[in-house]
Amino acid sequence: MSGIVQKQWAIRAQQLELDQLARIQQHAEQWRNGLTALTALFAVVSIAKGRQSFDDLTDTGRFWAVLLLAVAFLLLVTGSLLAMRAAFGVPSTIWLTGENLARWEADEARRAQSALTAAKIVFVVGVACVAIATGITWINNKPSAAASLAVRTAAKDPICGELVDGNGTRLRITVKDAAGKRTEEIQLTDVKQLTIVKSCPSSP
Amino acid sequence: VPHKDNERFRRVDLGDQSGFSTEKLSQREIKVTGICPRCDDTMTISIRRGMVGGGTVKGPADSDPGSTGTAPATIYCECGYYHEGREEGSSENGCGAYWTIAL
């Protein structure tokens, strides 16, 4: 470093003494704005519309979607913090000589560059995780379960099973119980009550 | 030593200089006292710890003048006198000379 440049660094170092309070307040403001923007990341969770949209997924699909969203969330938060670190730095204290300041700025430039590179990588991976998780919520749905029908008749005990078909005179229902799987035919004239249920009570 | 008012303002590199005394006033301030080798004014400056933009500073980037006794520091004349030729609005208030001392 030539002498005149060293002097310019020394002058800059001296001038830094004059605005210490303004500088720390400026840093605080920048970080506050950045951290406020970070809360927008919670929108990632709302992409999947919370727990409801996971209800239709298979167990495996739900596991991977939740895992990927959690990883994506962490990556995006980390990426944002790294980008903020590159942009704003973190306040620290040195002896304000020109030589110290020149070395510190060179080191800080390298640190900011590394943080920015890491932020880019982390961001891309995080977005990929969100995309994959969203894809899983689209394609990994459970087959919709057939509705079961609980029928009370005058002649028999209540019957519960999957509706196979029906016409104007009778219903055919597949019943699974301790005796095995069979199809029952019920005359509509015998029906006293029909109830659609999510699943049939298991037989004793 | 009388101050040499007739030295024109000039940014002259005077290289390494000894003869400056340092006193650590606190953990955050060092007082440097000596005579400007060019205009002969007795000058006192303070070197302080202060905040810089960001990052954790480790190693040589934060040479502690008070503990090593060898950290170089460039200082410049701050005699406070007007020296002919100094630009109007200049942040300097000396004869323009600068040199390096070991803190």
Side-chain angles (χ1 to χ4, degrees), chain A residues 1-31 34 81-116 118-119, chain B residues 9-17 22 24-32 38 43 45-78 87 90-103:
Chain A
M1 200 188 308
S2 73
I4 192 65
V5 174
Q6 276 180 314
K7 183 182 182 184
Q8 286 164 348
W9 279 106
I11 292 171
R12 277 190 59 191
Q14 287 284 306
Q15 287 171 340
L16 280 177
E17 288 183 15
L18 304 177
D19 58 355
Q20 292 284 292
L21 179 62
R23 288 167 65 81
I24 187 67
Q25 287 173 335
Q26 188 187 5
H27 270 289
E29 189 181 344
Q30 289 168 329
W31 274 91
L81 288 172
L82 283 168
M84 281 162 59
R85 191 256 169 272
F88 309 143
V90 178
S92 60
T93 305
I94 63 170
W95 284 100
L96 292 174
T97 65
E99 283 75 3
N100 277 356
L101 184 63
R103 267 195 299 265
W104 179 82
E105 286 212 5
D107 288 350
E108 177 63 3
R110 279 194 292 275
R111 283 191 292 265
Q113 194 176 12
S114 304
L116 188 59
Chain B
F9 179 85
R10 202 152 56 90
R11 294 187 174 91
V12 192
D13 185 352
L14 300 178
D16 295 333
Q17 295 288 326
T22 59
K24 196 165 187 176
L25 299 179
S26 69
Q27 291 302 310
R28 303 186 64 84
E29 184 175 4
I30 292 170
K31 186 170 81 173
V32 179
R38 182 157 179 258
M43 50 176 271
I45 61 164
S46 287
I47 294 175
R48 297 187 177 86
R49 280 186 78 78
M51 198 203 80
V52 285
T56 307
V57 181
K58 288 179 182 167
D62 189 23
S63 306
D64 183 346
S67 65
T68 63
T70 56
T74 299
I75 61 174
Y76 50 96
C77 176
E78 292 187 81
E87 303 92 335
S90 168
S91 61
E92 294 182 53
N93 60 353
C95 69
Y98 57 94
W99 56 94
T100 307
I101 58 169
L103 290 177

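This one's a predicted model, so the numbers in the text were calculated from it and none came from an experiment. Letters A, B, ... are given to chains in the order of the sequence lines, protein chains preceding strands, and every chain is numbered from 1.
- Pairing each heavy atom of A/Ile24 with each of B/Met51, the nearest pair is CD1-SD, 3.5 Å.
- Under the side-chain hydrogen bond (donor to acceptor under 3.5 Å, both in side chains) criterion, B/Arg28 pairs with no residue at all, not counting sequence neighbours.
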TODO: Decide side chain to side chain contact (heavy atoms under 4.5 Å, CB included) for A/Trp95 and B/Ile30; before the verdict, give the C-alpha distance in whole Å, the side-chain angles of both, and the deciding distance to 0.1 Å.
DONE: CA-CA 9 Å; A/Trp95 284 100; B/Ile30 292 170; 3.8 Å; yes

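- Contact detail for B/Val52 and A/Trp104: the closest heavy-atom pair is CG2-CE2, 3.6 Å.
- Nearest heavy-atom pair, A/Gln6 versus B/Thr74, reported as atom, atom and distance to 0.1 Å: CB-OG1, 3.6 Å.
- Around CD of B/Glu29, the count of heavy atoms belonging to other residues, nucleotides or ligands within 6.0 Å exceeds 12.
- Listed by chain and residue number, A/Gln30 satisfy the side chain to side chain contact (heavy atoms under 4.5 Å, CB included) test with A/Gln26 (two or more places apart in sequence, or in another chain).
- Atom CZ of A/Arg12 is separated from atom OG of B/Ser91 by 12.0 Å, given to the nearest 0.5 angstrom.
- The two residues B/Ile47 and A/Leu96 have their closest heavy-atom pair at CG2-O, 4.0 Å.
- Of all the heavy atoms in B/Ser46 and A/Glu17, the pair that sits closest is O-OE2, 3.7 Å.
- Between the CD atom of A/Gln8 and the CZ atom of B/Arg11 there is a distance of 8.0 Å, given to the nearest 0.5 Å.
- Judged by distance alone, with hydrogens and angles left aside, the side-chain atoms of A/Lys7 form a donor-acceptor pair with the main-chain N or O of B/Gly96 at under 3.5 Å.
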TODO: Take A/Gln20 and B/Arg48 through the test side chain to side chain contact (heavy atoms under 4.5 Å, CB included) and record every step on the way to the result.
DONE: CA-CA 11 Å; A/Gln20 292 284 292; B/Arg48 297 187 177 86; over 6 Å; no

Task: Criterion side chain to side chain contact (heavy atoms under 4.5 Å, CB included) on A/Ile11 and B/Tyr76, from CA distance to verdict - done: CA-CA 8 Å; A/Ile11 292 171; B/Tyr76 50 96; 3.6 Å; yes

